[in-house]
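Everything below concerns the one structure shown next.
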Amino acid sequence: MPLELLFGGDLQFLMDLKMDLEERLRAETWVKPSSANDLPRNVPPDRQTPFPNFASQKNQHKWEDQDPSISNYGMRIEPPFSEFNRPSECQPSLHGNSTSQYRGVQMNDMLQLGKTQEWDPKATLNNLSFLEQKIHQLQDLVHVIVGRKGPVLGRPDELVAQQQQLITADLTSIIIQLISTAGSLLPSVKNSLNSASTPPVRQLGQLGGILNNQGSGISLNSNLMLPSQGGSKVPDQSNQVDPMGHSGTDNMEDHESKDDEDGDEGENLPPGSFEILQLEKEEILAPHTHFCTICGKGFKRDANLRMHMRGHGDEYKTAAALAKPQKEAGSEMMLIKRYSCPYAGCKRNKDHRRFQPLKTILCVKNHYKRTHCDKSYTCSRCNTKKFSVIADLKTHEKHCGKDKWLCSCGTTFSRKDKLFGHITLFQGHTPAIPLDENKGATGPSLLEEHNEDTSKVGDVSFSFGSGTPSSGGVQNIMEDVKGNVDDPSSFFSPLNFDASNFGGFNEFARSAFDDSEGALSFLLQASCNYSQKNGGQSSSNNLE
Amino acid sequence: MKKLKNVEEEEGHHQPDPFDGLTEEIIHLILDHLGDDDPLARKSFSLACKSFLSAESRHRRSLRPLSSDLLPSVPRRYPYISRLDLSLCPRVDDGMLTSLSRSWSTTLRSVDLSRSRFFSHVGLSSLAANCAGLVEIDLSNATELTDAAAAAIAEARNLERLRMGRCKLITDMGVGCIAVGCRKLTLLCLKWCLRVSDLGVGLIAMKCADIRSLDLSYLPITEKSLQPVLKLQNLEELILEGCPGICDDGLATLKESGLSLKVLNLSNCQNVSQVGLSSLTSEAQCLQQLILSYGSPVTADLGKCLHKFSSLQVVRLDGCMVTCPGMKAMVNWGARLKELSLSKCLGVTDDCLSFLVQTQRELRKLDITCCRKITYASINSITSSCSSLCSLRMELCTLVSRDAYLLIGRRCQNLEELDLTDNDIDDEVLMSISRCSKLRILKLGVCSKITDDGLKHIGRHCLNLIELDLYRSMGITDAGIAEIALGCPALEMINMAYNEDVTDVALISLSKCPRLKAVEIRGCPYVSSIGLSAIARGCRRLTLLDIKKCYNINDNGMLSLAQFSPNLRQINLSYCSVTDVGLLALASIKCLQNMTILHVAGLTQSGLAAALLACRCLMKVKLHASFKSSLPESLISYIEARGCIFQWRDKVCQVEMDPKGWKLHLSKSP
């Protein structure tokens with residue numbers, strides 16, 4: 001099984017890469033005619049132009065530092081491509097959002113498994129530490145690929161795999177959506193993929209070790225999450241932005257994050273009966289998981305993204321494009337998945353002695369925010385309660401001030417049983433009964449005003465984090481980045497990516513992708529830009 | 001009394017008060033012995049002379065005003081009232097409560113507001129604030145009261161007994177206030193306080209350690225609150241009627257059990273079987289009363305479970321499914337039962353009942369109403385074993401043969417109460433029963449075979465008879481009633497409904513029973529105003545009168561009632577030939593509280609309106625729905641504001657005498 005999965009990852013990666021290269025080529029040089037000629041024009045100019053400037057100044061030296069190892073990657077990209085042209089295998093896996101998400105997660109897991117099986121724990125630990133630098137690495141990697149700074153030595157196999165994984169994170173989704181848009185007609189690719197994934201896992205594991213030695217580790221598992229984030233993206237031809245999209249996602253958040261990470265408390269899965277996946281902090285804190293490949297707008301829900309995509313052209317209005325992605329037929333065959341919190345020492349961390357896994361990604365997100373993040377949302381009514389999950393704040397605000405369970409000592413309680421426990425405990429305290437009913441009538445309206453205010457504040461702060469990259473936003477991010485140079489992940493900013501040297505990349509890519517179609521290449525560029533932006537958002541969110 | 005009165009009248013003018021020699025102490029001692037059995041005795045005493053009047057005023061501690069209108073003036077006359085019963089005052093508003101509580105602030109100990117309305121937490125808080133010595137309050141049926149009222153009650157720190165049945169708006173919060181405020185509570189009734197849950201009850205148990213009696217009937221509580229309740233050291237009476245939240249599984253989790261419990265009522269708790277019962281009472285050695293009516297079936301396990309209660313005296317299993325093994329398991333039981341109730345129990349057979357009663361020879365009260373399977377054998381063993389039986393209720397034991405009833409008269413001569421309604425008895429049985437000379441209550445309803453001959457024996461031998469029920473015993477005529485009236489001077493209640501052969505003659509003879517309080521002659525068409533007038537003249541204590549369908553009773557009867565029956569409280573005069581005049585006369589009876597006036601043809605709306613206005617003490621009036629529209633709305637609301645409740649009925653007028661074919665039914669039945 002791990003074999004297949006990884007294989008699937010390879011394929012996707014290959015496709016992604018191919019498209020990426022070709023599209024970049026197209027975007028810059030307009031050389032190749034294609035069936036989707038008009039696409040590049042739709043790329044917003046403000047997203048193309050500003051970035052290269054930044055990147056060229058800021059990140060150039062970094063690439064140079066890491067030149068030798070990175071150039072390896074470039075070399076290693078080629079072999080898998082030969083296997084790429086097997087559409088029948090690729091397409092089914094690209095059914096849609098949920099599927100791809102699954103796959104991403106699973107791949108992530110597979111890598112971990114591979115590591116733990118093949119390598120000693122120290123190496124694993126090192127790898128984990130490298131994971132934190134993955135964004136940095138991804139930048140470098142892409143730059144290397146693009147720039148092709150010369151021939152590569154070392155271990156080609158591992159590097160290829162590494163590259164695959166890293167880039168796949170950004171690019172897989174484009175292919176997925178492309179193919180699923182074409183009509184998710186084909187049977188599940190999973191089975192066919194499943195047959196050949198063990199060797200790559202090994203390779204990856206070795207790679208981890210190598211990276212460790214080199215001091216420039218790349219987090220494997222964390223990046224693997226990215227395909228799932230981008231999994232539902234459908235390439236779009238128009239650049240139109242759905243004006244409703246953003247507010248819609250904000251509204252959605254309430255529902256999304258209500259699930260409690262403690263829901264699995266009573267679960268008693270025997271160890272080994274489930275896979276343990278671990279996301280990186282940045283992924284956990286990323287505000288959106290679904291991104292428009294055309295305009296880069298982020299969404300919390302695939303459904304919202306699909307609605308948004310309609311604005312990008314008629315082909316996204318077809319029933320197939322709008323349909324809810326079906327789960328893979330073979331999904332029940334998979335192992336149960338459980339999640340680990342990346343925070344070392346946390347009970348939800350898989351290294352904890354009495355590890356209690358988290359059930360879903362949503363649980364991970366809420367758990368991480370609640371437990372390991374600052375409580376930045378303060379209730380504006382009571383000015384005392386603080387929350388790290390905005391939905392918690394909203395829930396609290398719904399009831400804040402309505403604590404009608406009042407003791408004669410002035411203490412209020414949100415629950416009657418708590419009040420009665422208090423009264424039982426303290427001599428002379430008695431339930432306080434409001435004599436004036438009218439007082440209560442005027443209260444709520446005031447409270448509601450407060451409520452609106454605070455929710456606005458919340459929205460604002462949130463939308464800042466998830467805002468579409470504009471020059472201002474970018475600037476902001478940059479400042480943040482500067483302030484946190486210590487954190488390698490903070491280098492993962494859109495600027496770097498866009499600074500990539502398309503020309504160089506094209507040269508490299510052409511050798512491998514000569515036979516590919518032009519349409520893919522266009523899409524590739526979009527994916528590069530926007531998935532990169534996603535990363536930037538996530539990092540900026542971190543820094544808030 | 002009369003003598004004293006006469007003496008005073010004769011000598012009053014010439015000499016100083018002859019009662020000067022009687023110190024107030026002596027008069028109070030006399031008064032102490034007055035009025036326990038007869039409320040009118042004090043009244044006549046106080047009417048003797050001014051000094052007696054004032055002495056009685058100063059002596060009186062307990063008061064039950066007949067009307068709300070009297071309330072403002074009573075504190076002046078009776079300065080030392082400690083027990084105030086306002087159950088006849090439907091309207092008691094906050095101002096009234098405030099002024100009363102100020103007047104009796106030092107003396108008042110007990111207030112009954114169970115039938116009063118129109119007061120709120122304001123009045124209650126002034127009551128609690130002014131009367132620091134308040135020990136008992138009955139707030140039952142105060143369905144409008146909210147938690148604020150409970151908080152006001154909580155200010156009465158010395159409160160010991162609090163009844164709040166049907167205070168449906170009171171929640172845990174209010175009960176919590178009471179729990180914290182009234183720490184001395186010994187009795188608390190929260191029956192039907194549907195909004196009170198585990199939290200409130202639990203807090204009561206935590207805070208009020210002196211509670212002896214706790215009524216939690218029909219509350220949505222579970223074992224969670226029973227845990228602290230059972231920890232109460234002094235708890236003697238626990239009533240958990242109709243608590244669906246209490247179940248065996250929950251009770252099994254209890255760590256405590258009622259140690260001092262004497263009375264336990266688990267009736268209507270369908271989810272509690274002997275398992276729950278034993279976990280509830282595992283340490284209750286002194287349990288005396290156990291009421292499991294309408295609960296789980298009486299099985300052998302339950303029977304065995306009862307064995308550990310050696311001091312049990314009263315067991316009620318009404319409406320339970322009784323099994324033979326269950327009854328037999330109770331047989332070798334150490335307890336000496338005094339009272340056993342098996343009314344409406346399915347499955348009671350001769351076999352098991354005989355077994356049981358043979359071991360319970362000290363049984364004093366037995367209720368086997370509607371045990372339709374028992375026969376002669378059961379009665380035989382009951383009468384032979386339980387010679388000290390004083391109450392036997394066996395309505396509708398259809399299979400019991402006539403001969404069995406003869407045994408009752410022969411063997412159970414201590415009987416004071418006997419209910420033979422709807423059984424197969426005849427005059428010979430009555431003759432046998434007449435040996436039970438202590439009989440006080442005899443119910444012979446729907447016994448069509450009995451005649452005047454049988455009744456004659458009763459009248460001659462049962463001199464203590466207080467209550468006689470002859471409902472639809474159609475063989476009875478004036479002669480039989482005359483024998484009763486002659487032989488039973490203590491008679492207080494008689495029911496002769498639907499005995500068509502009863503006429504004015506019977507009523508005239510009954511008028512010789514001065515204690516008669518309740519007369520039901522519904523559906524006796526030959527009774528007229530003459531008979532009724534005789535009753536009114538002779539029976540000055542008449543309080544309840546049902547003359548529905550006595551078509552021949554007219555205004556004359558009403559005039560007599562108005563003149564001679566000042567104590568009449570309740571009357572049903574549907575279908576009578578009464579007109580506005582009669583009703584207006586009736587309305588002059590000061591303490592008339594309850595009227596049912598349906599299908600009275602001679603009544604006009606203006607007459608009715610005038611009568612309603614005149615009856616200042618009315619609490620409930622049942623009228624035909626047609627009046628609702630014809631009476632002025634303002635009048636209705638005014639009457640309602642005085643505390644009267646209207647019940648509008650839309651029944652069709654029944655002209656025929658026997659619309660349900662009772663005669664047919666009775667002649668068919670064996």
Side-chain angles (χ1 to χ4, degrees), chain A residues 260 262-268 379 381-382 384-385 392 395-448 450-451, chain B residues 94 120-126 128-129 144-157 159 164 167 169-185 193 195-209 220-222 224-225 227-229 231-232:
Chain A
D260 206 65
D262 296 333
D264 55 342
E265 211 58 82
E267 198 181 43
N268 272 322
C379 173
R381 281 192 212 172
C382 57
T384 49
K385 287 267 186 184
D392 291 353
T395 309
H396 164 77
E397 281 179 337
K398 268 179 204 159
H399 303 286
C400 182
K402 289 181 191 166
D403 287 355
K404 53 182 173 180
W405 308 116
L406 178 67
C407 178
S408 57
C409 68
T411 318
T412 58
F413 297 86
S414 57
R415 283 167 51 180
K416 189 162 68 164
D417 55 337
K418 299 292 175 200
L419 168 64
F420 275 72
H422 169 87
I423 286 165
T424 313
L425 211 57
F426 294 96
Q427 206 77 16
H429 290 211
T430 175
I433 288 151
L435 285 179
D436 197 354
E437 307 289 339
N438 297 332
K439 267 187 185 175
T442 57
S445 63
L446 285 171
L447 295 176
E448 259 162 43
H450 280 293
N451 194 13
Chain B
D94 287 336
S120 75
H121 62 91
V122 179
L124 287 176
S125 80
S126 65
E144 315 274 303
L145 284 189
T146 60
D147 283 337
I153 291 293
E155 297 301 314
R157 303 288 177 197
L159 207 62
M164 302 209 303
C167 290
L169 294 184
I170 302 278
T171 69
D172 284 332
M173 296 294 276
V175 171
C177 290
I178 289 168
V180 175
C182 311
R183 304 295 287 271
K184 295 182 180 174
L185 275 184
C193 295
R195 297 194 186 181
V196 176
S197 71
D198 278 336
L199 293 173
V201 174
L203 197 62
I204 287 281
M206 300 294 289
K207 296 283 184 184
C208 307
I221 54 168
T222 67
K224 277 181 205 153
S225 54
Q227 181 79 49
V229 163
K231 271 186 192 161
L232 291 167

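Throughout, protein chains are lettered first and strands after them, A, B, ... in sequence-line order, and every chain is numbered starting at 1. It should be emphasised that the depicted structure is a prediction, and the values quoted were computed from it without experimental measurement.
Counting only distance, with no hydrogens or angles, the side chain of A:Lys416 and the backbone of B:Met173 share no donor-acceptor pair below 3.5 Å.
Between B:Cys177 atom SG and A:Ile423 atom CD1 the span is 7.5 Å, to the nearest 0.5 Å. Rounded to the nearest 0.5 angstrom, B:Lys207 NZ and A:Thr424 OG1 are separated by 6.0 Å. In this structure, A:Phe420 CZ and B:Ser225 OG are separated by 12.0 Å, a value rounded to the nearest 0.5 Å.
Considering all non-hydrogen atoms of both residues, A:Pro431 and B:Val180 come closest at CD-CG2, 4.4 Å. The two residues B:Ala151 and A:Ile433 come nearest to each other via the heavy atoms CB-CD1, 4.0 Å.
Of the atoms belonging to B:Leu199, heavy atoms from both backbone and side chain fall under 4.5 Å from chain A.
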